[in-house]
Undergrad: 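Pasting in a structure now, in structure tokens, and then I'll have a few things to ask.
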2 protein chains.
Amino acid sequence: MVTMLDVSRKAGVSTATVSRVINKPEIVDEKTRLTVQKAISTLDYRPNLFARGLAGRSSHTIGIAVNGFSSPYFGLVIDGMEQALARVGYKTIAESNRRGAEGEREAWLSLIERRCEGVIIHSANLSDEELKHLMQQHPSSVLINRLLPDFEHRCINLDNFHAAEIAAKHLIDNGHREIAVITGPKRNFEVKDRINGFNFTLNNAGLKLDKDLTIEADFSGLSGQEGLEKLLATGKKFTAVFFHNDEMAAGGMETCRKANIRIPEDISIIGFDDVAIAKHLTPKLTTVRQPLREIGATAGLLARAIANNPNDADHLPRTFQAEVVERASVARI
Amino acid sequence: MVTMLDVSRKAGVSTATVSRVINKPEIVDEKTRLTVQKAISTLDYRPNLFARGLAGRSSHTIGIAVNGFSSPYFGLVIDGMEQALARVGYKTIAESNRRGAEGEREAWLSLIERRCEGVIIHSANLSDEELKHLMQQHPSSVLINRLLPDFEHRCINLDNFHAAEIAAKHLIDNGHREIAVITGPKRNFEVKDRINGFNFTLNNAGLKLDKDLTIEADFSGLSGQEGLEKLLATGKKFTAVFFHNDEMAAGGMETCRKANIRIPEDISIIGFDDVAIAKHLTPKLTTVRQPLREIGATAGLLARAIANNPNDADHLPRTFQAEVVERASVARI
DNA sequence: AACTGACGTGTAAGCGCTTTCATTGCAGCG
DNA sequence: CGCTGCAATGAAAGCGCTTACACGTCAGTT
């Protein structure tokens, strides 16, 4: 392994100078700089990250902890982050949460251990209390999909209230009056916001949400399927249903197929997220798109800014707006 | 930050002993070990990975470089790897390739720099020559989805020949005689294997592949869509088409829908991979499933074994068998 | 009783960098 | 011509850990 010492010898300077050439080229004389750079490239030298990290230089990497890499949702977030960060010379490292609060804490710490300058966390299981504690202890971490009191400027979120608003509006504009909804777990704050936004819009339009027509599910396809079955079982009339994610919407479509219910002729369906499957469903799913890549990108940039240059952080948005992607699962009636 | 020195003081021993407790607990006296462990946990001490890495201890992490985190394909591979490795106390770090050969090399090196004990690489763009060079230089890296001459024992692959064989067999068994195929890029070795396996089976059954009925595409949905259009334009008769991945199959279905061709009544379709969208298509896609998680898991384990205990490596499989998942897009005729 | 090993532990030398502080050389000044 | 001040560089002290080596201690020998 070729070390900085090798380079310095080859270039006839001290290791300090080599280090400067690498980290602050502007402060070394042009001539020396050139010699050193030549030495670096002819020796094919690459700094040892561990030594660098130990010696205290910043690692130029931002970490992100998610639950499972195979989620289409987080895949996009990470991708967005990775690309934005790469553009400013930063590396991304992704870690997979083990399940539960313990797993989330573990992943977070592990990222810190890796000396990530910033860490971005999606936590569903840690309590506000503990989250606050960790946020305090690790000042350049940022949360996504969670709004932690007192740490709002370090949280990145979709404007779920608004997102549900436009979903409702889309349905109403298309003439729907009896609307059902299948929600995510109600303890999630984003679920609450969606419910509120949805209700708000319905109320404004002089409609109201029938309690029996809102079912709590758990974001899984199966729960969507069963949710719609329950809805059907009530015998109540409804012409449209709003699912809190696409996965559940796909499940819902499945029960329609089984029950011989036509979409959108008999029931209109609107989803949420716009993940890959949405456009492959039949009919193609009209859904509320989250700007996932953008959220990832901003989270990454924010973490970096907080770590290095807190002023920059102010310019970054903390909340994002969804938009509805009109496809073919909502009928005008 | 609490360091090993703090722990050693608290426990009244030297740092060397603390280090031993962490790395080779068996060699320290039980009593001391307990004191030290208590000190560690009351201080909430966590070793500094950089110092560890620098001082030469193994990092207990395996890295993987893929192109983009949002691919449903690699998502599963990484997930499988992560879980298998976690089970043996190893960490996974995933890095996203930048495009092209240069990007792949870069990601590889970057993983090495992070002192990953082993590295697992998916390379589509590096030449065999360069790959060999890198494999030599970094003895505990393993390749997935590529078969590099002279390094077969460090390559993990699907048995593509067999996979295509069973796809063909499935079609033939269902009575199909005129079969079209839409392939991936032919320079890919796995594509070649699939073509060979497919042809082989067809020939064995006394059929042969019509040159006009095989179209080269690029694995994208759009290319699948266009591929089927071209097929239709030939005016030749075919009752089934084999797509080299699900994405393209979805595209093909799209074409059918537009052309008012019923699946599977008019044309049967079989895909490849079995990614998330497959079961959401209408009709549900019959496809050849790759054991993606298992491939990931084995790749991770293999890299680790090569790094630590070459003998263990022998037991691990290098090639995996696909299976067809029968759903609803292939008709019996 | 002196001698051997095995065992448990401590001492201290790095690992490859960054960074502070000191040093040098030299232009510009009175 | 001696100063000051600045720019460019070097010397050396860590960063927090691992590990070779040395050093007791205390059985079990002879």
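Within every chain, numbering begins at 1; the chains are lettered A, B, ... in the order of the sequence lines, protein sequences first and strands thereafter.
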Undergrad: Rounded to the nearest 0.5 Å, what separates atom OG1 in A/Thr319 from atom CD1 in A/Ile295?
TA: 9.0 Å
Undergrad: Return the polar atom pairs (N/O with N/O) between nucleotides 10-13 of chain D and the protein under 3.5 Å, or none.
TA:
from, atom 1, to, atom 2, distance (Å)
D/dG10, OP2, A/Ser14, N, 2.8
D/dG10, OP2, A/Ser14, OG, 3.1
D/dG10, OP2, A/Thr17, OG1, 2.6
D/dG10, N7, A/Arg20, NH1, 3.4
D/dG10, O6, A/Arg20, NH2, 2.6

Undergrad: From A/Glu117 CD over to A/Arg304 CZ, what is the distance, rounded to the nearest 0.5 angstrom?
TA: 8.5 Å
Undergrad: Taking only side-chain N and O atoms of B/Asn23, does any of them lie within less than 4.0 angstrom of OP1 or OP2 on D/dT18?
TA: yes
Undergrad: Is atom CD of A/Glu26 surrounded by more than 12 heavy atoms (other residues, nucleotides or ligands) closer than 6.0 Å?
TA: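 Yes, CD of A/Glu26 has more than 12 neighbouring heavy atoms, counting only those of other groups under 6.0 Å.
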Undergrad: Among C/dC17, D/dT9, D/dC17, find the nucleotide with the atom closest to the side chain of A/Val28.
TA: D/dT9
Undergrad: In this structure, how many angstroms lie between the P atom of C/dT19 and the CD1 atom of A/Ile27, rounded?
TA: 10 Å
Undergrad: Rounded to whole Å, please give me the gap between CZ in B/Phe50 and P in C/dC17.
TA: 14 Å
Undergrad: So which nucleotide from C/dG16, D/dC17, C/dG8 ends up closest to the side chain of B/Thr3?
TA: D/dC17
Undergrad: To the nearest 0.5 Å, how far apart are CD1 in B/Ile121 and CZ in B/Arg105?
TA: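 Separation between the atoms: 12.0 Å.
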Undergrad: Over how many whole Å does the gap from A/Asn48 atom CG to D/dG16 atom C1' extend?
TA: 14 Å
Undergrad: Using 0.5 Å steps for rounding, measure from the CG atom of A/Leu316 to the CG atom of A/Leu302.
TA: 5.5 Å
Undergrad: Per the side-chain hydrogen bond (donor to acceptor under 3.5 Å, both in side chains) rule, which among B/Asn188, B/Asn157, B/Asp128 passes with B/Arg146?
TA: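 Testing each of B/Asn188, B/Asn157, B/Asp128 against B/Arg146, the sole residue satisfying side-chain hydrogen bond (donor to acceptor under 3.5 Å, both in side chains) is B/Asp128.
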Undergrad: I need the B/Thr92 OG1 to B/Met81 CE distance, nearest 0.5 Å.
TA: 4.5 Å
Undergrad: Specify the separation, in whole Å, of atom NZ of B/Lys31 and atom C1' of C/dT9.
TA: 14 Å
Undergrad: Which of the following nucleotides, D/dG16, C/dT9, C/dG16, is nearest to the side chain of B/Thr32?
TA: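 So the side chain of B/Thr32 is nearest to C/dT9.
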Undergrad: Just how far, in rounded Å, is C1' of D/dC6 from CG of A/Asp29?
TA: 14 Å
Undergrad: Between atom CZ in B/Arg9 and atom P in C/dT11, what is the gap in whole Å?
TA: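 Taking CZ of B/Arg9 and P of C/dT11, I get 13 Å after rounding.
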Undergrad: Calculate the interatomic distance between B/Leu54 atom CG and C/dT18 atom C1'; express it in whole Å.
TA: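 Result: 12 Å.
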Undergrad: Once you round it to whole Å, what is the distance between C1' of C/dG8 and CD of B/Glu30?
TA: 14 Å
